[in-house]
Peer 1: 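Take a look at the following structure, please.
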Amino acid sequence: MRVIIQRVKNAQVIIDKSEKRTVESGLLVFLGIEAADDASDVEWLVNKILNLRIFNDENEIMNYSLLDSEGGLMVISQFTIMAFTKKGNRPSYIRAAKHEHAFPLYELFLATAKMKLGKKVISGTFGANMEVSLINDGPVTIQIDSKNKE
């Protein structure tokens with residue numbers, strides 16, 4: 001699994017040009033799921049995201065996690081994060097999981113995050129056409145790959 005995490009002042013997703021969902025101060029996570037991913041990737045990645053110390057404390061030092069800051073969490077599925085661009089100019093998505101594998105892991109990711117965060121996780125709709133907008137706070141943007149635990 002790969003994620004791009006952005007600390008946001010707010011974010012919104014419009015799904016199929018009609019339904020709008022928003023999150024205030026917190027994290028926006030774009031989630032890509034690989035064919036080789038399983039439940040252990042979900043568990044590791046959710047723990048990593050919720051405990052990343054990327055929110056400012058009273059001294060304006062990034063010392064607090066999402067759990068500490070009690071911020072919101074929005075998760076958007078995005079298979080293009082799995083793009084392979086080594087050859088040529090057309091990205092290949094061969095590593096991206098097929099729907100029947102990715103969708104259950106996406107739902108597990110949301111359920112695990114909700115349970116560990118202790119509140120609702122805002123999400124897009126898997127496979128839908130979505131428009132995402134955000135105000136990046138910092139800016140703070142971090143990429144994590146569960147297959148490359150640096």
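Since we're looking at a predicted model, the values are computed, not measured.
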Peer 1: Please find the pair of heavy atoms, one from D37 and one from G32, that lie closest to each other, and give the distance.
Peer 2: OD2-O, 4.3 Å

Peer 1: Tell me whether M62 is reachable from I49 by hopping between hydrophobic residues (I, L, V, M, F, W, Y) whose side-chain heavy atoms are closer than 4.5 Å.
Peer 2: yes

Peer 1: Please report the C-alpha distance between K116 and N47 in whole Å, then the side-chain angles of each, then the deciding distance to 0.1 Å, and finally whether the side chain to side chain contact (heavy atoms under 4.5 Å, CB included) criterion is met.
Peer 2: CA-CA 8 Å; K116 291 179 181 280; N47 282 329; 3.3 Å; yes

Peer 1: Are side-chain heavy atoms of K147 and E34 found at a separation under 4.5 Å?
Peer 2: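 They are in side-chain contact.
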
Peer 1: Hey, can you pull the donor-acceptor pairs under 3.5 Å for the side chains in residues 18-25, sequence neighbours left out?
Peer 2:
residue	atom	partner	partner atom	Å
S18	OG	I15	O	3.4
E19	OE1	R21	NH2	3.4
E19	OE2	R21	NE	2.9
E19	OE2	R21	NH2	2.9
K20	NZ	Q12	OE1	3.4
R21	NH1	S123	O	2.6
R21	NH1	G124	O	3.3

Peer 1: Enter the distance from M74:CE to L134:CG here, rounded to the nearest 0.5 Å.
Peer 2: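 With rounding to 0.5 Å, CE (M74) is 9.5 Å from CG (L134).
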
Peer 1: Flag yes if V3 and L52 sit in one hydrophobic cluster, no otherwise; membership is Ile, Leu, Val, Met, Phe, Trp, Tyr, and two members link when side-chain heavy atoms are under 4.5 Å apart.
Peer 2: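 In one cluster with V3: L52, yes.
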
Peer 1: Taking side chain as C-beta onward, heavy atoms only, is K114 less than 4.5 Å from K119?
Peer 2: no

Peer 1: Excluding sequence neighbours, so at least two apart, what forms ring-ring contact (aromatic ring centres under 6.0 Å, His included) with F126?
Peer 2: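 In terms of ring-ring contact (aromatic ring centres under 6.0 Å, His included), with neighbours along the sequence ignored, F126 is linked to H99, F103, Y106.
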
Peer 1: List the steps and the verdict of salt bridge (Lys or Arg N to Asp or Glu O under 4.0 Å) for E43 and K48.
Peer 2: CA-CA 9 Å; E43 184 71 24; K48 182 61 93 173; over 6 Å; no

Peer 1: If hydrophobic clusters are built from ILVMFWY residues whose side chains come within less than 4.5 Å, do V132 and V8 share one?
Peer 2: yes

Peer 1: Between I144 and I142, does the side chain to side chain contact (heavy atoms under 4.5 Å, CB included) criterion hold? Intermediate values first, please.
Peer 2: CA-CA 7 Å; I144 301 175; I142 296 172; 4.0 Å; yes

Peer 1: Going by atom types alone, do K17 and N129 pair a side-chain donor with an acceptor below 3.5 Å?
Peer 2: no

Peer 1: If you draw a 6.0 Å radius around NZ in K120, do more than 12 non-hydrogen atoms from other residues or ligands fall strictly inside?
Peer 2: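 No, the 6.0 Å shell around NZ holds no more than 12 heavy atoms from other groups.
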
Peer 1: Got a second to check how far L67's CG is from L50's CG, nearest 0.5 Å?
Peer 2: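 It comes to 5.0 Å.
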
Peer 1: If I take atom CD from residue Q143 and atom CG from residue N148, how far apart are they, to the nearest 0.5 angstrom?
Peer 2: 9.5 Å

Peer 1: Take I81 and L31 through the test side chain to side chain contact (heavy atoms under 4.5 Å, CB included) and record every step on the way to the result.
Peer 2: CA-CA 7 Å; I81 292 172; L31 172 65; 5.9 Å; no

Peer 1: Any ion pair linking R53 and D68 (charged N to carboxylate O, less than 4.0 Å)?
Peer 2: no

Peer 1: CG of L117 to CG of L110: how many Å apart, nearest 0.5 Å?
Peer 2: 11.5 Å

Peer 1: Closest heavy-atom contact between V13 and M130?
Peer 2: CG2-CB, 3.7 Å

Peer 1: What is the distance from atom CG of L73 to atom CG of L66, rounded to the nearest 0.5 Å?
Peer 2: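 Result: 6.0 Å between the selected atoms.
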
Peer 1: How about CD1 on I61, more than 12 heavy atoms from neighbouring residues, nucleotides or ligands closer than 6.0 Å, or not?
Peer 2: yes

Peer 1: Take L27 and I54 through the test side chain to side chain contact (heavy atoms under 4.5 Å, CB included) and record every step on the way to the result.
Peer 2: CA-CA 10 Å; L27 295 178; I54 57 174; 3.7 Å; yes

Peer 1: State whether the number of non-hydrogen atoms from other residues, nucleotides or ligands found under 6.0 Å of N89 atom CG is greater than 12.
Peer 2: no

Peer 1: Using a 4.5 Å cut-off on heavy atoms from C-beta on, say whether the side chain of T85 contacts that of P91.
Peer 2: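 Contact flag for P91/T85 side chains = yes.
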
Peer 1: Closest approach of D137 and K9, non-hydrogen atoms and distance?
Peer 2: OD1-CE, 3.5 Å

Peer 1: Taking NZ in K87 as the centre, count heavy atoms belonging to other residues, nucleotides or ligands within less than 6.0 Å. Is the count above 12?
Peer 2: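 Counting other residues, nucleotides and ligands, NZ of K87 stays at 12 neighbours or fewer.
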
Peer 1: Which residues satisfy the ring-ring contact (aromatic ring centres under 6.0 Å, His included) test with F30, sequence neighbours excluded?
Peer 2: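 Testing F30 for ring-ring contact (aromatic ring centres under 6.0 Å, His included), a comparison that skips the adjacent residues, returns none.
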
Peer 1: If hydrophobic clusters are built by linking Ile, Leu, Val, Met, Phe, Trp and Tyr wherever their side-chain heavy atoms come under 4.5 Å apart, do I122 and V75 end up in the same one?
Peer 2: no

Peer 1: Taking all non-hydrogen atoms of both residues into account, name the closest pair between D41 and S146 and its distance.
Peer 2: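 Heavy-atom minimum between the residues: OD1-OG, 2.8 Å.
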
Peer 1: Using every non-hydrogen atom in the two residues, find where A102 and A97 come nearest and quote the distance to one decimal.
Peer 2: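 What the structure gives for the nearest pair is CB-CB, 3.8 Å.
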
Peer 1: Under 4.5 Å between side-chain heavy atoms, hopping through other hydrophobics if needed: is there a path connecting L45 to V121?
Peer 2: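 Hydrophobic grouping puts L45 with V121.
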
Peer 1: Aromatic ring centroids of Y93 and F84 under 6.0 Å?
Peer 2: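 No; F84 has its ring centre 6.0 Å or more from that of Y93.
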
Peer 1: For V140 versus N136, what's the shortest heavy-atom pair and its separation?
Peer 2: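 Closest approach of V140 to N136, heavy atoms only: N-OD1, 2.9 Å.
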
Peer 1: Atom CG in N63, atom CG in N56: separation rounded to 0.5 Å?
Peer 2: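 Rounded to the nearest 0.5 Å, the CG-CG separation comes to 9.0 Å.
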
Peer 1: Which is it for E70 and Y64 under the side chain to side chain donor-acceptor pair (under 3.5 Å) test, yes or no, and what are the steps along the way?
Peer 2: CA-CA 10 Å; E70 299 180 358; Y64 291 153; over 6 Å; no

